[in-house]
There are 2 protein chains.
Amino acid sequence: MARLSDIIEDFIKTLLKESEGELELQRNDLASYFDCAPSQINYVLATRFTLNHGYYIESRRGGGGYIRIVRLDTDKDDYLFYLLKEGIGKELSEQEAVQHLQRMVEQNFISKRDAYIIKSAISDKAIAIPSTLKDGIRASIFKSILAALLSLDEKK
Amino acid sequence: MARLSDIIEDFIKTLLKESEGELELQRNDLASYFDCAPSQINYVLATRFTLNHGYYIESRRGGGGYIRIVRLDTDKDDYLFYLLKEGIGKELSEQEAVQHLQRMVEQNFISKRDAYIIKSAISDKAIAIPSTLKDGIRASIFKSILAALLSLDEKK
DNA sequence: TTTATTGACTTTCTTTGACCTTAATTATAT
DNA sequence: ATATAATTAAGGTCAAAGAAAGTCAATAAA
């Protein structure tokens, strides 16, 4: 018997296909649809819809709350997608980050202005914590920015 | 399922646009128009029309009472400079950061795309460290970005 | 041993209502 | 006519209830 988590994963991916890569759902609805604990939805999201997998999750609690799942656009830019999935590991130095940004500008994926803003966000000065932690934070911030850039939603 | 508070927020913002940023209304009228408790109007104002959001609220009780909402329009560089120098202290919550970003978008200081990228950089998820440190890092990253935005303006 | 499942508990956000304060108007007493 | 009291007409506050999602650790399954 296929694991429920896999079934839920497939279900969400089907929904995403039908809705062109962007989807808002109610955790409790989905849980009761599959007759499982609500927290299992979180488990599925945490293990199969991470940034590294190419998905971006947003959510809100309270009345009218939701979970929003965005499939990042693979076609948009292979290099960025590669960076997000494999090119950036657990840590990223300032120097490496700047090199990535340079290349992104050269490839015309972001403007010089974008690069300048992003650089300011991930600079050593901005990340004012003990240096042992810096590269880890920088990696996660950089990935988060890549996800935003790859996000389908052009309006934003 | 759309939150009533959001609908009321939009309604007020539409009115504000029509009246060039200044508006007087009756709490009870608005509440009965939306068929909600009067105190929900206060909730909307308290959560969506704060100073950080760029609004100023004045009111008066008793007969002939009113609520006056004023959108604070400012000069871009003045605002960024103020925010950088005084408006943001040692710590900045994600919520506050988003409020500032919303205001910057509404005032056309930055694009929605910019805001989206910046938001991704300062989100709780991106800053993956113990929560006691998060707001401090966020403040310093946010300031660093503000400084970048300011210096981009100077280049012109 | 790793991966899934479950459920108790927590946090966040929204909605509602009971009660409080302030201002204006109207009625009453001097 | 005037000062005062009562009434009415606003808006404010706060806490409780409700509506979501998140976390984490214990167990179960593979």
Side-chain angles (χ1 to χ4, degrees), chain A residues 1-12 23-53 55-70, chain B residues 1-12 23-53 55-70 93-99 102 119 123-132 134-135 138:
Chain A
M1 192 177 59
R3 298 196 265 347
L4 181 53
S5 286
D6 290 340
I7 297 171
I8 296 174
E9 175 187 359
D10 289 347
F11 183 76
I12 292 174
L23 160 67
E24 226 174 80
L25 55 82
Q26 226 81 25
R27 187 181 74 153
N28 290 338
D29 289 355
L30 198 56
S32 68
Y33 181 78
F34 285 105
D35 195 29
C36 66
S39 55
Q40 180 147 14
I41 307 302
N42 296 85
Y43 177 73
V44 172
L45 295 176
T47 53
R48 292 143 161 93
F49 292 87
T50 66
L51 283 187
N52 286 332
H53 288 117
Y55 297 87
Y56 183 60
I57 309 268
E58 237 177 25
S59 67
R60 210 178 150 138
R61 303 184 191 191
Y66 60 84
I67 295 179
R68 188 155 160 276
I69 306 170
V70 181
Chain B
M1 228 173 348
R3 290 175 222 83
L4 182 54
S5 287
D6 289 343
I7 296 170
I8 296 173
E9 174 188 358
D10 288 348
F11 184 76
I12 292 174
L23 162 66
E24 228 173 78
L25 55 82
Q26 227 77 27
R27 187 180 74 153
N28 289 337
D29 289 356
L30 199 56
S32 68
Y33 180 78
F34 285 105
D35 195 28
C36 66
S39 54
Q40 180 147 17
I41 307 303
N42 297 85
Y43 177 74
V44 172
L45 295 176
T47 53
R48 289 141 162 92
F49 292 87
T50 66
L51 274 182
N52 280 346
H53 285 111
Y55 296 89
Y56 175 67
I57 309 272
E58 231 177 30
S59 67
R60 211 185 149 129
R61 304 183 190 193
Y66 59 84
I67 295 179
R68 191 151 161 277
I69 305 169
V70 182
S93 70
E94 178 169 16
Q95 215 187 24
E96 286 170 315
V98 169
Q99 290 171 6
Q102 270 174 14
K119 200 174 137 195
S123 78
D124 247 59
K125 266 189 211 161
I127 304 176
I129 44 167
S131 53
T132 44
K134 272 187 191 178
D135 290 357
R138 184 165 16 242

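These numbers come from the heavy atoms of this one structure, side chains and all, not from hydrogens, waters or symmetry mates. The chains referred to below are lettered A, B, ... by the order of the sequence lines, with proteins before strands, and numbering in each begins at 1.
- Legend: residues meeting side-chain contact (heavy atoms from CB on, under 4.5 Å) with B/Asp29, ordered by chain and number and at least two apart, are B/Gln26.
- The distance from the CG atom of B/Leu51 to the OH atom of B/Tyr56 is 8.5 Å, given to the nearest 0.5 Å.
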Give me, pair by pair, the N or O atoms of the protein and of nucleotides 15-17 of chain D that are less than 3.5 Å apart, along with how far apart they are.
none

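- Atom CG in A/Asn28 sits roughly 10 Å away from atom P in D/dG22 (whole-Å rounding).
- Between B/Ser59 and D/dG12 there is a side-chain polar atom (N or O) within less than 4.0 angstrom of OP1 or OP2.
- The distance between atom CG of B/Leu30 and atom P of D/dA10, rounded to the nearest whole Å, is 14 Å.
- Applying the 4.0 Å criterion to OP1 and OP2 of C/dT14, one finds that B/Gln40 has every side-chain N and O outside that range.
- B/Ile41 comes within contact range of no nucleotide atom at all, as no heavy-atom separation falls under 4.0 Å.
- Separating the CG atom of B/Asp124 from the P atom of D/dG22 is a distance of 13 Å, rounded to the nearest angstrom.
- Note that CZ of B/Arg27 and CZ of B/Arg61 are 9.5 Å apart. Values are rounded to the nearest 0.5 Å.
- For B/Arg68, the salt bridge (charged side-chain N to carboxylate O under 4.0 Å, His left out) criterion is met by B/Glu22, B/Glu58, not counting sequence neighbours.
- Per the geometry, CD belonging to B/Glu58 stands 12 Å off P belonging to D/dG12, to the nearest Å.
- The shortest distance between side-chain heavy atoms of A/Thr47 and A/Ser5 does not fall below 4.5 Å.
- The line from CD of B/Glu24 to OG of B/Ser59 is 10.5 Å long, rounded to the nearest 0.5 Å.
- For B/Gln26, no side-chain nitrogen or oxygen approaches OP1 or OP2 of D/dA9 to under 4.0 Å.
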The contact string for nucleotides 19-25 of chain C, one letter per nucleotide 5' to 3', using protein heavy atoms under 4.0 Å with B, S and - for base, sugar-phosphate only and none, comes out as --BBBS-
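- Residues that satisfy the salt bridge (charged side-chain N to carboxylate O under 4.0 Å, His left out) test with B/Asp124, not counting sequence neighbours, are B/Lys134, B/Arg138.
- Atom CG of residue A/Leu30 and atom CD1 of residue A/Ile41 lie 4.0 Å apart, to the nearest 0.5 angstrom.
- Using a 4.5 Å cut-off on side-chain heavy atoms (C-beta onward), A/Ile8 and A/Arg48 make no contact.
- Each salt bridge (Lys or Arg N to Asp or Glu O under 4.0 Å) pair with one or both residues in residues 31-40 of chain B, not counting sequence neighbours, would appear here, but there are none.
- By the ring-ring contact (aromatic ring centres under 6.0 Å, His included) test, B/Phe11 is found to be paired with B/Tyr33, B/Phe34, residues two or more places apart in sequence or in another chain being considered.
- Of the possible polar contacts, one joining the B/Glu96 side chain to the B/Ser93 backbone as a donor-acceptor pair under 3.5 Å is found.
- Applying the 4.0 Å criterion to OP1 and OP2 of D/dT13, one finds that B/Asn42 has every side-chain N and O outside that range.
- Rounded to an integer number of Å, the gap from CD1 of B/Ile7 to P of C/dT14 is 12 Å.
- Looking at heavy-atom distances under 4.0 Å, B/Gln95 makes contact with sugar-phosphate atoms alone, never a base.
- B/Ile57 places its CD1 atom 12 Å from the P atom of D/dT13, with the value rounded to the nearest Å.
- Rounded to whole Å, atom C1' of D/dA20 lies 13 Å from atom CG of A/Leu25.
- Atom pair B/Arg27:CZ and C/dG17:P shows a separation of 13 Å (rounding to whole Å applied).
- Listed in residue order, the members of residues 43-52 of chain B having a heavy atom less than 4.0 Å from DNA chain C are B/Tyr43, B/Arg48.
- With DNA chain C read from its 5' end, the first of the two nearest nucleotides for B/Leu4 and A/Cys36 is the one closest to A/Cys36.
- Helix bend of the helix from C/dT1-D/dA30 to C/dT30-D/dA1: the angle between its two end axes, each built from five pairs, comes to 10° after rounding to 10°.
- Under the rule for a side-chain contact (heavy atoms from CB on, under 4.5 Å), the partners of A/Phe49 that lie at least two apart in sequence or sit in another chain are A/Glu9, A/Ile12, A/Lys13, A/Leu16, A/Val44, A/Leu45, A/Tyr55, A/Ile57, A/Ile69.
- Remark: B/Ser39 engages no residue in a side chain to side chain donor-acceptor pair (under 3.5 Å) (not counting sequence neighbours).
- Here B/Thr50 pairs with B/His53 under the side chain to side chain donor-acceptor pair (under 3.5 Å) rule; sequence neighbours left out.
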